[in-house]
Amino acid sequence: MNLAADVIKGNRRALAKAITLVESTKREDRARAQALLAELMPKTGRAIRLGLSGAPGVGKSTFTESFGTYLTAQGLKVAVLAVDPSSARSGGSILGDKTRMEELARDPLAFIRPSPSGGTLGGVARRTREAMLVAEAAGYDVILVETVGVGQSETAVADMVDMFLLLLSPGGGDELQGIKRGIMELADLVIVNKADGDLEAAAKRAEAEYKAALHLMRPKSPHWQPTTLRVSALKRIGMDKVWAVVQKHQQALTMSGEIAARRADQARAWMWSEIKERLVEDFRSQNLERIAAVEAEVIAGRTSPGAAADQLLKLFEREN
Ligand code: GDP
């Protein structure tokens, strides 16, 4: 049996197995995972890579169910992945609540994978990036990478996708205060969810405010002005509009060559983050006792952090 060939054929079990392999933190699996990715590489790069973020409760799971099933109804294959470094600590993850994604979870054209658990944000992001490549090789047309709207993970996700969608609720101005400007700046499309029932008017006001806020920001790309939409994930309204904007974005950035350039930049940055992660991992796994001792000196204020780093790095250099 050849795992790569089965993944490329679109075999779901092979896909799940391949993702488990690339997610493994065991050293002995690393070489096998890299060999697998090398075989899959020629089949990657054809999907639309979307990031999705929003604060807990804004409706990410509900949106994923609605948007995902909208896409599969058009015959598109959709993979949903997650970057959630908090899931290891809290035990829950963004995609933990599958009850809001019942239909998508059963859909033969969809594949849902919760966040790999454990490790640093860098480690979790690395494994999600590789899972994304595996899903692309398996013929998925749209990859949706989700993250919770708190902290650093948005940047990590924005750095691995073509387009970043920010989901907000009709909280209006108060909410605008709470959203970090940095996260708004990442957005290529701001989606105001819950535009239904009593919330409809508030959603309209919120959208106008977000639109104004976006116009004040420096656009990420000369070929795309970030825009806004109102949807109801619950009532499944507006999914066609989201898809139309995604396609327009993809078209504008493909024609201008920006997708290719962006992906090339991302690949280079990814290589460097791999190197940094792994150097630190190797560094930490050697000289454990020495590191603990020097760290204690730093904590006690007897050695300066710089001098301590010099000492430990010298030791590391001698051994490698
Ligand atoms: P997540 O934490 O961002 O994944 O949010 P969920 O998808 O779990 O949704 C949180 C709550 O908001 C649930 O009670 C949903 O039913 C509700 N919700 C999600 N989308 C909508 C919507 O479009 N309209 C309304 N009225 N409620 C929604």
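When reading the values below, keep in mind they use all heavy atoms of this one structure, side chains included, and skip hydrogens, waters and symmetry mates. One-based numbering, in listed order, for ligands and for the atoms of each.
- A donor-acceptor contact closer than 3.5 angstrom links the side chains of Gln34 and Glu130.
- Partner of Glu23 under the side-chain contact (heavy atoms from CB on, under 4.5 Å) criterion, out of Ile19, Leu21, Thr25: Ile19 alone.
- Under a 4.0 angstrom heavy-atom cut-off, Gly57 registers as being in contact with ligand 1.
- Between the side chains of Thr228 and Lys211, at least one donor N or O sits under 3.5 Å from an acceptor N or O.
- At a heavy-atom distance under 4.0 Å, atoms from both the backbone and the side chain of Thr62 approach ligand 1.
- The parts of Ser232 lying near ligand 1 are both backbone and side chain, judged by heavy-atom distances below 4.0 Å.
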From CA spacing to verdict: side-chain contact (heavy atoms from CB on, under 4.5 Å), Met160, Val83: CA-CA 11 Å; Met160 67 175 89; Val83 173; 4.0 Å; yes
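- A salt bridge links Arg263 to Asp162: one of the charged nitrogens lies within less than 4.0 Å of a carboxylate oxygen.
- With a 4.0 Å heavy-atom cut-off, ligand 1 is reached by the backbone of Ala55 but not by any atom from C-beta on.
- Salt-bridge formation is detected for the pair Arg236/Glu65: a Lys NZ or Arg NE/NH1/NH2 atom is positioned less than 4.0 Å from an Asp or Glu carboxylate oxygen.
- Closest heavy-atom approach to atom 3 (O) of ligand 1 within the set Met101, Lys235, Lys60: this belongs to Lys60.
- Residue Leu234 touches ligand 1 through backbone and side chain together, judged by heavy-atom distances below 4.0 Å.
- Around atom 17 (C) of ligand 1, the closest heavy atom drawn from Lys194, Glu65, Glu146, Glu200 belongs to Lys194.
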